[in-house]
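The structure under discussion appears below in the form of structure tokens.
Both backbone and side-chain heavy atoms feed into the values below; hydrogens, waters and symmetry mates do not. Reminder, nothing fancy here: chain letters follow the sequence lines and each chain counts from 1.
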Protein chains: 2
Amino acid sequence: MSMTNNYELYKVFYWAAKMGSLTQAAKTLYLTQPSVSHAIKQLEERVGISLFYRNAKGVSLTQEGKILFSYIEQSQILITLAEEKMVALKNLDSGDLRIGGSDSLFKHYLLPFLEDFHVQYPGIKLHLKHGTTPEVISYLKEGRIDLGVVRMPIVDSLLEVTESIQLQDCFVAGERYAELKGQVLSMEQLMEYPVILFSRNSRVRMAITELFEKYGHELKPDIEVGSVDLLIEFARRGLGISFVTREFVSKELKEGSLFEIELDIEVPPSNVGMMIMRNMPISTAATKFLEMVR
Amino acid sequence: MSMTNNYELYKVFYWAAKMGSLTQAAKTLYLTQPSVSHAIKQLEERVGISLFYRNAKGVSLTQEGKILFSYIEQSQILITLAEEKMVALKNLDSGDLRIGGSDSLFKHYLLPFLEDFHVQYPGIKLHLKHGTTPEVISYLKEGRIDLGVVRMPIVDSLLEVTESIQLQDCFVAGERYAELKGQVLSMEQLMEYPVILFSRNSRVRMAITELFEKYGHELKPDIEVGSVDLLIEFARRGLGISFVTREFVSKELKEGSLFEIELDIEVPPSNVGMMIMRNMPISTAATKFLEMVR
DNA sequence: AGGAGCTATAGATCATGTCTATGACTAATA
DNA sequence: TATTAGTCATAGACATGATCTATAGCTCCT
């Protein structure tokens with residue numbers, strides 16, 4: 001298929017032409033002069049055209065050699081650029097890191113790591129793609145993100161999930177329901193108040209719904225919102241009792257604008273999971289980021 | 001200097017990426033699948049980055065692999081174009097043929113060959129560079145022409161000269177000097193008439209001047225012209241006796257507008273010489289042309 | 001469950017790229 | 001003019017490493 005069947009010869013040709021000397025080319029290529037001489041001879045034989053004039057001070061291209069060189073030069077430059085680019089990617093001087101997850105996890109969990117990473121590797125472009133857990137999983141499988149950050153549990157044989165910090169979800173309310181402070185509510189009691197939940201198909205929403213179901217209750221929210229920020233804000237304004245991740249409202253709990261409502265059952269804690277594709281190579285940037293998170 | 005130290009690997013990479021399958025790449029490259037697998041593995045190790053995802057139906061590029069491919073693809077395309085160009089040059093579907101010589105030799109000697117050559121190899125561009133013999137020789141040495149066509153003798157150790165047809169120079173005149181028809185003139189007698197010669201540093205001019213000198217005469221032209229056409233035209237119009245190459249005025253001699261003046265000495269014939277550089281590779285086009293001329 | 005793809009691995013083989021040593025040549029020196 | 005110092009070419013030995021065969025492991029599809 002290829003005329004020469006050895007592209008290595010073009011590298012030798014390139015340097016021989018560029019240096020105007022087989023001896024110099026040999027030095028550049030860390031070869032001996034006879035090797036270069038032999039390589040050029042071979043190339044000429046395979047192409048079937050003389051490419052160089054040999055004279056006492058070195059070599060110079062023939063008419064045909066010049067034509068060949070005009071192509072090969074470009075080709076070699078591209079390879080050099082490619083190699084430089086690869087080194088940059090490896091050194092994390094350049095590249096992309098694409099992470100999928102929920103806005104809340106980005107904001108409340110990942111942000112400090114992202115900041116550190118960006119400071120340390122400013123050449124890496126960060127792409128944050130938010131979506132629900134199933135969306136993030138499919139992004140991952142489609143190769144549109146390098147890693148996904150979601151709430152556990154995840155069961156998918158194609159994914160490799162490493163658990164990160166543990167988070168505790170809980171119900172919180174604002175001053176409006178101050179009478180509940182210090183009390184321990186049953187599920188029935190809780191459900192008498194307006195409940196604010198995250199929108200469907202969120203993992204946290206599913207978890208609490210399932211927990212209530214286990215005890216024979218159907219937890220139906222009075223208000224359904226699409227962001228953790230709204231969940232917090234609504235609770236503060238007294239619109240109801242929000243089910244949120246305790247760690248994400250630590251500021252509000254501390255300053256007292258929200259308080260936690262204790263239940264007579266235990267809401268099981270859940271972990272943050274970092275997902276990557278199983279048995280698939282992972283980019284240098286993603287590897288480095290995962291190391292940082294641990 | 002080079003990261004991979006084997007550009008051959010890029011060829012394998014290119015085809016593996018292009019085909020999306022190591023097995024298919026192997027077929028394209030006339031290799032076995034393990035060879036390709038091994039080559040890709042090596043490239044990945046040397047670059048230090050995973051380039052492919054391996055899955056059950058073949059391989060697909062990673063993010064980094066895609067970046068590498070964007071460079072390598074261009075590079076490979078250029079090499080392919082280069083190889084196609086080389087084949088075209090070799091097959092004389094493309095290329096240049098640069099010939100140096102005098103206008104008169106082009107017109108009266110080389111023209112039919114040039115026509116034949118052009119018909120047979122229409123893809124080859126012809127460059128005719130006219131000049132005096134020393135000029136043609138220096139063009140040749142500077143590599144600005146592939147071959148030179150001049151009048152013999154040429155003595156230059158750097159040149160390889162092959163003699164071609166023999167030409168006979170002679171004096172001719174037009175009707176104005178009809179009285180000289182049939183006469184045999186001595187040099188002295190000839191010199192009593194106005195003599196028209198080609199401009200200095202032409203080989204023919206030098207030859208006749210030297211011949212006269214040998215007999216103790218100094219041949220000084222009354223008119224000096226720069227082209228053979230003018231030499232002929234001036235003689236026809238009776239401005240004097242021109243020293244021309246007999247073969248170049250055969251038409252005029254036949255139709256009677258010019259007649260040859262016989263001398264009592266013999267003007268030695270001289271050959272046309274085709275010059276190329278000694279010990280220098282010669283282009284395919286030039287080789288073919290030389291073959292045609294013989 | 002079985003078959004038909006795919007890629008990976010191990011180990012043997014042998015082609016060929018590379019080396020050393022030397023020669024031939026040219027150009028610029030002494 | 002002889003010498004020297006550079007060039008590239010050639011020959012033959014050597015060893016690297018590219019390539020092969022054989023085989024295994026895996027995934028998908030029937």
Mutual orientation of the aromatic rings belonging to A:Tyr121 and A:Phe117 [parallel < 30°, tilted 30-60°, perpendicular > 60°]: tilted

Between D:dT7 (C1') and A:Met19 (CE): distance, integer Å: 16 Å

B:Ile79 CD1 to B:Ile77 CD1 distance, which is reported to the nearest 0.5 Å: 11.0 Å

Donor-acceptor side-chain pairing of B:Ser164 and B:Tyr109 below 3.5 angstrom: yes

B:Met280 CE to A:Thr62 OG1 distance, which is reported to the nearest 0.5 Å: 11.0 Å

Separation of B:Leu105 CG from B:Met274 CE (nearest 0.5 Å): 10.0 Å

Phosphate contact (D:dA9 OP1 or OP2) by A:Arg54 side-chain N/O below 4.0 Å: yes

Side chain to side chain, B:Thr162 and B:Val293, heavy atoms closer than 4.5 Å: no

Presence of salt bridge, A:Glu44 and A:Arg54, under 4.0 angstrom: yes

Pair A:Glu83, B:Tyr10: side-chain N/O donor-acceptor within cut-off below 3.5 Å: yes

side-chain N/O A:Thr23 vs D:dG6 OP1/OP2, d < 4.0 Å: no

Spacing of B:Tyr7 atom OH relative to C:dG17 atom C1', expressed in whole Å: 17 Å

Separation between CG of B:Leu51 and CD1 of B:Ile49, rounded to the nearest 0.5 Å: 7.0 Å

Rounded distance (Å) that lies between atom P of C:dC19 and atom CG of A:Leu29: 10 Å

Base-contact (B) and sugar-phosphate-only (S) positions in nucleotides 18-30 of chain D, heavy-atom cut-off under 4.0 Å, - elsewhere: SBBBB----SS--

Aromatic plane relationship, B:Phe69 with B:Tyr14 - under 30° parallel, 30 to 60° tilted, over 60° perpendicular: parallel

Under 4.0 angstrom between B:Ser37 side-chain N/O and C:dA8 OP1 or OP2: yes

Divergence of helical axes at both termini of the helix from C:dA1-D:dT30 to C:dA30-D:dT1 - five pairs an end, 10° steps: 20°

Residues within residues 59-68 of chain A bordering DNA chain D, heavy-atom distance below 4.0 Å: A:Val59

d(NZ, B:Lys41; P, C:dC6) in whole Å: 20 Å

Euclidean distance, atom CD of residue B:Glu44 to atom P of C:dT9 [Å, nearest integer]: 11 Å

A:Arg151 side, atom CZ; A:Thr133 side, atom OG1 - distance, nearest 0.5 Å: 9.5 Å

Gap between atoms CG and C1', on B:Leu22 and C:dT9 respectively (whole Å): 14 Å

Separation of atom CE in B:Met280 from atom C1' in D:dC8, rounded to whole Å: 12 Å

